[in-house]
There are 2 protein chains.
Amino acid sequence: MPGPRRLPSRSELDVWRDFIETTEVLRTQIGGRLQHDTGLSTGDYSVLLALSEAPDRRLRSSELAAGVGWERSRLSHHLARMERRDLITREGHATDSRGAVVVLAPAGAAAFQAATVPHLRAVRELFVDALTPAQLAAAGEIATALRRHLDSSA
Amino acid sequence: MPGPRRLPSRSELDVWRDFIETTEVLRTQIGGRLQHDTGLSTGDYSVLLALSEAPDRRLRSSELAAGVGWERSRLSHHLARMERRDLITREGHATDSRGAVVVLAPAGAAAFQAATVPHLRAVRELFVDALTPAQLAAAGEIATALRRHLDSSA
DNA sequence: CTCCTATGATTGACACGTCAACCACAGGGG
DNA sequence: CCCCTGTGGTTGACGTGTCAATCATAGGAG
């Protein structure tokens, strides 16, 4: 056990840079297409997806935050913007006066409906179609390994 | 060849979501550590790295943009913020009066020096150490395949 | 019942990114 | 020489994300 572990080698660093930059470009492209085709951001899409699948198309704010994996502060800012555009509305919680309930608005449901096929098509074109089945499986395993490692060191 | 190709299957979509969310968490964690340990953002780091490697520690704005892979507008905003913090300075170009030259400032060089080891350590801990050598190689190949596909459909 | 702490959520300040508009100058045709 | 188009770069507006501070209420200890 040497004390401070080694730094990444040149080839490891090359993989890192290539990997992180490419995933960033991928995210930007997918987001840009979604924005262009439907007027929704990927954040909007995640929120609308979670609400669409929720019973009664409504969720308590903290449940929604857990569902999309965001901090409450981020969700609060995003919901404020979505409310301004009439995609969602907010109500008080019946039994816990601290709570807020987020409700899918008609315009939000419509926007989500219109967005889902174009978005899934973009995912296929830019991600699934770029990889062989073996690479796709490997991508899944890499994501799982990274996630487990991140969770354990948090 | 059926006309409109199929949408992603359930398992393909699961991989997509896992992959894109995990890489985002990874990016956020690395950026957060860098910010916390050194006061630099990953953007700052990229710019300072490019300038450190440039002859005379100075680059024309458009070359710097190409080097870090950013749009000119993004670079301009970022340089304005970095100039405010005395990490870089900007000068006019000698022969092309339209041009701007970005110069690494002493504080920028010092901040970069201080940041490199902690940053590389974080990359090793959160990325390299999470993967087997085979997975690391696969990650490189996946990035290459995605990048090529993105370039061709742009 | 009265504090006391923990939790749900919002806010303000600020960094970051994109888009479109803009300004200034370079480098030619005429 | 004059215009005209293209290029280098900046700016403003706005959406997005993080952090720290704030506020109100829930829920339990005493």
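Predicted model only: the values in this text are computed from it and were never measured. Naming: A, B, ... by sequence-line order, numbering from 1 per chain.
- In this structure, B:Arg147 pairs ionically with A:Glu21, as a charged nitrogen and a carboxylate oxygen lie closer than 4.0 Å.
- Across the protein-nucleic acid pair, B:His93 atom NE2 and D:dT7 atom P stand 17 Å apart, rounded to whole Å.
- Rounded to whole Å, atom C1' of D:dT10 lies 8 Å from atom CZ of B:Arg90.
- A donor-acceptor distance shorter than 3.5 angstrom exists from the side chain of B:Thr22 to the backbone of B:Asp18, with no hydrogens or angles considered.
- Nucleotide C:dC16 holds its C1' atom 15 Å from the CG atom of B:Leu40, rounded to whole Å.
- Across the interface with DNA chain C, nearest-nucleotide mapping of A:Arg74 and A:Gly32 shows A:Arg74 to be the residue nearer the 5′ end.
- Considering only side-chain atoms of A:Arg72, the nucleotide from C:dG8, D:dT10, C:dT18 that sits closest is C:dG8.
- Computed from coordinates, the B:Leu79 CG to D:dT11 P distance equals 11 Å when rounded to whole Å.
- Between the side chain of A:Glu12 and the backbone N or O of B:Val128 there is no donor-acceptor pair closer than 3.5 Å.
- For the pair B:Arg27 CZ and C:dG17 C1', the interatomic distance rounds to 13 Å; values are reported in whole Å.
- The side chain of B:Asp44 sits closest to C:dC16 out of C:dC16, D:dA26, D:dT16.
- Judged by distance alone with a 3.5 Å cut-off, no donor-acceptor contact links the side chain of A:Arg98 to the base of D:dA26.
- Under 3.5 Å, the side chain of A:Ser73 and the base of C:dT11 form at least one donor-acceptor pair of N or O atoms.
- Between the base of D:dT18 and the side chain of A:His77 there is a donor-acceptor pair shorter than 3.5 Å.
- Annotation: side chain of B:Leu79 is in contact with side chain of B:Leu64 (closest heavy-atom distance under 4.5 Å).
- Judged by closest nucleotide on DNA chain D, B:Arg60 is the one of A:Arg85 and B:Arg60 placed further toward the 5' end.
- Going from atom CZ of A:Arg81 over to atom P of D:dT18 covers 11 Å, rounded to whole Å.
- Using a 4.5 Å cut-off on side-chain heavy atoms (C-beta onward), A:Leu51 and A:Arg58 make no contact.
- Residue B:Ser97 places at least one side-chain N or O closer than 4.0 Å to OP1 or OP2 of C:dA26.
- Among the atoms of the strands shown, only primed sugar atoms or phosphate atoms (P, OP1, OP2) are found under 4.0 Å from some heavy atom of A:Glu71.
- Atoms CZ (A:Arg84) and P (D:dT16) sit 9 Å apart, rounded to a whole Å.
- A straight line from CH2 of B:Trp70 to C1' of C:dA15 spans 12 Å, rounded to a whole angstrom.
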